[in-house]
Amino acid sequence: MAALNMLWTGLALLGILGVLQIPTQAQAALQPNFQEDKFLGLWFTSGLASNSSWFLEKKKALSMCKSVVAPAADGGLNLTSTFLRKDQCETRTLLLRPAGPPGCYSYTSPHWSGNHEVSVVETDYEAYALLYTESFRGPGQDFCMATLYSRTQAPKAEIKEKFATFAKAQGFTEDSIVFLPQTDKCMEENT
């Protein structure tokens, strides 16, 4: 019994000293000098990484979707995404409200409670954008996602590698990173 108490005391001291701390995610920075007008237009969601149990269960069934970023009447952005769900095209629009410095937005998800913050971490505006989304809903319910937007349905290998490196820097593991397969469904201009 004394040995067990000594073990627990030792573990508690290591925890207090920070030796057993779980690594925290790196704070995602924002794109320097973010230019919202250059970010507008058509993007394809080409890669995702998330800590969500739903995502980890469904990631193999996901496919690429298209998103259009347009100015909203109130000064924010409308993000309209069209994706394949149960063999039908579904479209949803989120209002991204400015939430701090340029490139930082917030939105309320119609499907998941809570406010989400999304940051444009890096973009060249012409080929790719790396986004980071997080939401704090309570102990053990935090949601984080890294997203790769590309202007084409076939991003170059170096862009995919850049996304994988970015996702890992945010604390995502290899098995939580997925590159979404292309699909012809729901990608037409009128869907």
Side-chain angles (χ1 to χ4, degrees), residues 21-32 34 39 41-69 77 79-86 89-90 92 94 96 99 103-107 109 111-112 114-187:
Q21 287 182 352
I22 297 171
T24 57
Q25 294 175 338
Q27 182 64 30
L30 287 171
Q31 169 71 33
F34 179 72
F39 187 68
L42 177 65
W43 292 97
F44 295 96
T45 303
S46 302
L48 295 171
S50 180
N51 68 342
S52 163
S53 58
W54 173 90
F55 172 79
L56 296 173
E57 291 170 10
K58 305 286 185 189
K59 69 180 186 176
K60 291 181 181 173
L62 298 174
S63 60
M64 187 176 288
C65 72
K66 73 174 186 178
S67 296
V68 177
V69 180
L77 296 175
L79 174 66
T80 303
S81 298
T82 304
F83 52 93
L84 184 63
R85 182 172 183 212
K86 296 182 181 178
C89 296
E90 193 168 313
R92 294 199 181 138
L94 292 175
L96 302 179
C104 185
Y105 301 92
S106 68
Y107 69 92
S109 172
H111 301 285
W112 310 105
N115 196 40
H116 300 295
E117 291 189 13
V118 60
S119 302
V120 181
V121 176
E122 182 179 331
T123 183
D124 68 354
Y125 304 102
E126 295 177 11
Y128 76 95
L130 305 177
L131 284 73
Y132 183 74
T133 305
E134 60 187 348
S135 173
F136 305 103
R137 294 181 249 172
Q141 297 180 359
D142 295 349
F143 166 81
C144 301
M145 177 173 275
T147 306
L148 169 62
Y149 278 175
S150 59
R151 292 288 190 184
T152 69
Q153 292 187 51
K156 295 180 179 178
E158 54 267 23
I159 291 174
K160 288 181 165 184
E161 184 58 39
K162 183 182 286 277
F163 174 70
T165 301
F166 165 68
K168 289 174 187 173
Q170 304 314 308
F172 297 111
T173 59
E174 191 75 40
D175 67 331
S176 66
I177 300 170
V178 63
F179 291 99
L180 302 172
Q182 286 180 242
T183 179
D184 291 333
K185 296 181 181 180
C186 308
M187 295 295 158

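All values below were derived from every heavy atom in this structure, side-chain atoms included, with hydrogens, water molecules and symmetry-related copies excluded.
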List in chain and number order the residues that pass side chain to side chain contact (heavy atoms under 4.5 Å, CB included) with Thr173, two or more places apart in sequence or in another chain; answer none if no residue qualifies.
Asp175, Ser176
Non-neighbouring partners of Thr133 that pass side-chain hydrogen bond (donor to acceptor under 3.5 Å, both in side chains), sequence neighbours left out
none
Side chain to side chain contact (heavy atoms under 4.5 Å, CB included) against Ser52, all qualifying residues, sequence neighbours excluded
Ser50, Trp54, Phe55, Phe143
Residues two or more places apart in sequence or in another chain: which of them pass salt bridge (Lys or Arg N to Asp or Glu O under 4.0 Å) with Glu122?
Lys162
Under 3.5 Å, sequence neighbours excluded: what are the donor-acceptor pairs made by side chains of residues 42-49?
| residue | atom | partner | partner atom | Å |
| --- | --- | --- | --- | --- |
| Trp43 | NE1 | Phe39 | O | 2.9 |
| Ser46 | OG | Phe44 | O | 3.4 |
| Ser46 | OG | Ser150 | OG | 2.5 |

Only counting residues at least two apart or in another chain, list the ones meeting salt bridge (Lys or Arg N to Asp or Glu O under 4.0 Å) with Lys160.
none
Tyr105 vs Phe34 aromatic rings, parallel, tilted or perpendicular, using cut-offs 30° and 60°?
perpendicular
Return the set of residues passing side-chain hydrogen bond (donor to acceptor under 3.5 Å, both in side chains) with Thr80 (not counting sequence neighbours), or none when no residue passes.
Thr93
Once ring-ring contact (aromatic ring centres under 6.0 Å, His included) is applied, do any residues pair with Phe179, and if so which ones, sequence neighbours excluded?
Phe163
Where does the angle between the aromatic ring planes of Tyr132 and Phe166 fall among parallel (under 30°), tilted (30 to 60°) and perpendicular (over 60°)?
perpendicular
From the list Ile159, Ile177, Leu180, side-chain contact (heavy atoms from CB on, under 4.5 Å) partner of Leu148 resolves to Ile159
How would you list, by chain and number, every residue that makes a salt bridge (Lys or Arg N to Asp or Glu O under 4.0 Å) with Glu174, sequence neighbours excluded?
Lys168
List the atom of Cys65, the atom of Thr82, and the distance in Å for their closest heavy-atom pair.
CB-O, 3.1 Å
